[in-house]
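Keep in mind it's a predicted model, so treat the numbers as computed, not measured.
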Amino acid sequence: MPRRLMFVQLKTGYDIDRGPAWIGWVDFSKTWKTAYFHGRTLRRGTGRGLFDANFYDVETHDEFWISGPRRNRGDLRFGPGQPTVEGDAEDAYGAFLRGSDPRDQEPQARTSRSRVRPG
């Protein structure tokens, strides 16, 4: 499952660019049509007539904007403040702001395999 450092903003219930926003790791399905963030399953809203969003929560139908973060920190466009940077994304986001590709900072997937020691 691809994992990317992304900007995520809740749009439902807020004026344009005024909802809570985060910089964090988002997991995507192989087709990139489904995203997983904060325990939510978000589907791409192509063809659904979403006004200022590109994903929606499959359970609550809350609308979200998901995009790559901007190096100029202009993610919120017209909104005040800055997005909250998730704790596990701080190092990768800092490296990104300094010019690194965030995929180079992607957390390694955990495996449940145990090592077999030669006996």
Side-chain angles (χ1 to χ4, degrees):
M1 182 176 308
R3 173 172 262 207
R4 295 289 184 264
L5 184 67
M6 302 297 284
F7 167 79
V8 180
Q9 185 175 33
L10 175 61
K11 297 294 190 168
T12 300
Y14 296 90
D15 288 337
I16 294 175
D17 295 327
R18 302 235 183 244
W22 305 268
I23 300 286
W25 294 107
V26 177
D27 294 310
F28 288 92
S29 65
K30 288 182 182 182
T31 62
W32 296 87
K33 292 179 181 179
T34 305
Y36 304 93
F37 182 72
H38 281 188
R40 293 176 179 253
T41 299
L42 308 174
R43 290 259 164 76
R44 191 170 297 278
T46 306
R48 291 185 52 94
L50 302 179
F51 169 66
D52 194 34
N54 56 0
F55 281 83
Y56 66 96
D57 185 308
V58 298
E59 291 181 19
T60 65
H61 300 282
D62 287 344
E63 297 177 359
F64 290 83
W65 180 262
I66 300 178
S67 64
R70 295 184 181 180
R71 283 201 171 89
N72 69 0
R73 297 182 180 210
D75 299 293
L76 292 176
R77 299 185 306 167
F78 310 113
Q82 293 294 318
T84 300
V85 180
E86 301 284 300
D88 63 346
E90 287 177 348
D91 291 341
Y93 185 57
F96 167 76
L97 292 175
R98 293 187 299 276
S100 293
D101 184 333
R103 289 173 289 195
D104 296 339
Q105 304 294 320
E106 185 177 334
Q108 297 298 314
R110 295 182 182 173
T111 61
S112 59
R113 295 183 206 159
S114 58
R115 291 185 179 185
V116 177
R117 298 179 187 223

* Val58 and Leu42: side-chain contact (heavy atoms from CB on, under 4.5 Å), yes or no, with the steps? -> CA-CA 6 Å; Val58 298; Leu42 308 174; over 6 Å; no
* Asked: Honestly, is Arg71 close enough over Phe96, meaning NZ or CZ under 6.0 Å from the six-membered ring centre and within 45° of the axis?
  -> yes
* Val26-Phe55 co-clustered via ILVMFWY side chain contacts under 4.5 Å -> yes
* Structure fact -> Between Arg73 and Gln82 the two heavy atoms that sit nearest each other are O-OE1, 3.5 Å
* To do: Quick one: list whatever passes salt bridge (charged side-chain N to carboxylate O under 4.0 Å, His left out) with Asp52, sequence neighbours left out.
  => Lys11, Arg77
* To do: Test Thr41 against Glu59 for side-chain contact (heavy atoms from CB on, under 4.5 Å), laying out the working first.
  => CA-CA 8 Å; Thr41 299; Glu59 291 181 19; 5.8 Å; no
* With rounding to the nearest 0.5 Å, note down the distance linking CZ in Arg70 to CZ in Phe7. => 8.5 Å
* Indicate the ring-plane relationship of His61 and Tyr56, choosing parallel, tilted or perpendicular according to the 30° and 60° boundaries. => parallel
* Structure fact -> Here the pair of heavy atoms bringing Pro69 nearest to Tyr93 is CB-CE1, 4.0 Å
* Structure fact -> Heavy-atom nearest pair, Trp25 first then Ala89, reads NE1-CA, 3.6 Å
* By salt bridge (charged side-chain N to carboxylate O under 4.0 Å, His left out) - contacts of Arg40 (at least two apart) -> Asp57, Asp62
* Asked: Going from CZ on Phe28 to CD1 on Ile66, what distance comes out if it is rounded to the nearest 0.5 angstrom?
  -> 5.5 Å
* Asked: Honestly curious: do Trp22 and Trp65 fall in one hydrophobic cluster under the side-chain, below-4.5 Å linking rule?
  -> no
* **From Arg4 atom CZ to Asp27 atom CG, the distance as rounded to the nearest 0.5 Å** => 10.5 Å
* Please examine the side chains of Leu76 and Gln9, heavy atoms only from C-beta on, and report whether any two atoms are closer than 4.5 Å. => yes
* Asked: To the nearest 0.5 Å, how far apart are CZ in Phe64 and OG1 in Thr12?
  -> 7.0 Å
* Asked: Out of curiosity, does Val8 fall in the hydrophobic cluster containing Leu97 (side-chain heavy atoms, cut-off under 4.5 Å, transitive links)?
  -> no
* Structure fact -> One should read off an interatomic distance between Ile23 CD1 and Met6 CE, to the nearest 0.5 angstrom, of 9.5 Å
* Structure fact -> Across all chains, not counting sequence neighbours, the side-chain hydrogen bond (donor to acceptor under 3.5 Å, both in side chains) partners of Thr31 are Ser29
* To the nearest 0.5 Å, tell me how far Arg43 CZ sits from Asn54 CG. => 14.5 Å
